[in-house]
Every structure is written in C-alpha cells, then in structure tokens.
Amino acid sequence: MKTRLLFPNQCKRIGWILLIPSTIFGILIIFFNQKFEFLDSKAFTVYSSGFGTAPTIFGFIKVNYAATIVGVIFIIGTILVAFSKEKDEDE
C-alpha cells in the first residue's frame, strides 16, 4: 500500500483521544436522551414540521447542537485512526 497519502503515526493517538469520548457522549445522547443545555440555540429554518406542532416556514426554531458536534468529532476521530500510518510499516 502506498503510504504517501496517509497521516503520520502521531495522528492515530489524536484520533483515539477524539474517538473514545465522542463515542461515550454519543451513547449518552442517543440511548439516555442526555441534553446539554449550554448548546441550545436558535437556528434559521426554511421548513420545519415537528410532532404535534404547527409547521414553521422561514422562521427560527430552538435546537440543540450536541448531537451534531459529537457526530463531527466522531467522524474526524475515525478518519484519523483509520488513515494513519502504522508504527512499523511493512509491505
């Protein structure tokens, strides 16, 4: 395999540091419905229809960015772990 396109070996450690906590927070968010109130914000929406609420067209809705942030950190950590060089590369 050509190692020219891989990240350096130090990136694997950074990837694991990002991957393990984001997995734990992701489990908390998905299975235990954990919310982090400091990540609540208003977001502009073109169309939003919630369960039991009237549809919102071109307005602002209250959202929690916790799942989005954890998902992005999980993807970055996974890419760093998967595409980093091994300590001893052999062909």
Side-chain angles (χ1 to χ4, degrees):
M1 183 168 108
K2 294 183 180 182
T3 60
R4 186 179 64 202
L5 300 175
L6 297 177
F7 294 118
N9 186 28
Q10 293 83 12
C11 291
K12 188 174 289 252
R13 181 174 293 131
I14 295 169
W16 281 114
I17 290 171
L18 293 175
L19 186 63
I20 292 171
S22 66
T23 304
I24 293 169
F25 281 124
I27 290 170
L28 287 175
I29 290 170
I30 293 172
F31 293 116
F32 299 112
N33 202 15
Q34 181 71 28
K35 302 254 183 202
F36 300 103
E37 287 81 22
F38 64 92
L39 292 174
D40 285 342
S41 180
K42 288 189 175 187
F44 179 75
T45 182
V46 175
Y47 179 78
S48 173
S49 63
F51 295 109
T53 61
T56 303
I57 300 172
F58 293 111
F60 290 92
I61 59 172
K62 183 180 177 186
V63 295
N64 191 307
Y65 288 111
T68 303
I69 293 171
V70 168
V72 168
I73 293 172
F74 180 83
I75 291 171
I76 291 171
T78 305
I79 288 172
L80 287 175
V81 169
F83 296 114
S84 295
K85 291 181 183 177
E86 294 293 326
K87 191 171 246 182
D88 297 320
E89 286 287 334
D90 58 346
E91 291 295 327

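In this chain, numbering begins with 1 at the start of the sequence shown. Being a predicted model, the structure only gives us computed values, none of them experimental.
- For F44, the CZ atom is densely surrounded, since the number of other residues' heavy atoms within 6.0 Å is greater than 12.
- Judged as a side-chain hydrogen bond (donor to acceptor under 3.5 Å, both in side chains), and not counting sequence neighbours, the contacts of E86 are K12.
- Contact of the F36 side chain with the I29 side chain is registered, since non-hydrogen atoms from C-beta on lie closer than 4.5 Å.
- Atom-to-atom distance recorded for I17:CD1 and S22:OG is 12.0 Å, nearest 0.5 angstrom.
- Side chains of F25 and F74 form no contact here, defined as non-hydrogen atoms less than 4.5 Å apart.
- Exactly one residue among T78, L80, V81 makes a side-chain contact (heavy atoms from CB on, under 4.5 Å) with L18. That residue is L80.
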Could you walk me through whether T45 and F58 satisfy the side chain to side chain contact (heavy atoms under 4.5 Å, CB included) test, starting with their C-alpha distance in whole Å, then the side-chain angles of each, then the deciding distance to 0.1 Å, before giving a yes or no?
CA-CA 6 Å; T45 182; F58 293 111; over 6 Å; no
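- Not counting sequence neighbours, F83 has no partner by the ring-ring contact (aromatic ring centres under 6.0 Å, His included) test.
- Here N64 contributes atom CG and S41 contributes atom OG; the two are 9.5 Å apart, rounded to the nearest 0.5 Å.
- Looking at every heavy atom in both residues, Y65 comes nearest to A43 through OH-CB, 3.4 Å.
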For V46 and I57: C-alpha separation, side-chain torsions, deciding distance, then whether side chain to side chain contact (heavy atoms under 4.5 Å, CB included) applies.
CA-CA 5 Å; V46 175; I57 300 172; 5.9 Å; no
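- Here the NZ-CG distance, from K85 to N9, works out to 9.0 Å after rounding to the nearest 0.5 Å.
- Note that the OG1 atom of T23 and the CD1 atom of I73 stand 11.0 Å from one another [nearest 0.5 Å].
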Which is it for Y47 and T56 under the side chain to side chain contact (heavy atoms under 4.5 Å, CB included) test, yes or no, and what are the steps along the way?
CA-CA 6 Å; Y47 179 78; T56 303; over 6 Å; no
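- Residues L39 and F60 do not share a hydrophobic cluster, defined by chaining ILVMFWY side chains whose heavy atoms lie under 4.5 Å apart.
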Working for side chain to side chain contact (heavy atoms under 4.5 Å, CB included), residues K42 and I61:
CA-CA 5 Å; K42 288 189 175 187; I61 59 172; over 6 Å; no
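- Only one option out of I75, I69, V70, I76 pairs with V72 in a side-chain contact (heavy atoms from CB on, under 4.5 Å); it is I76.
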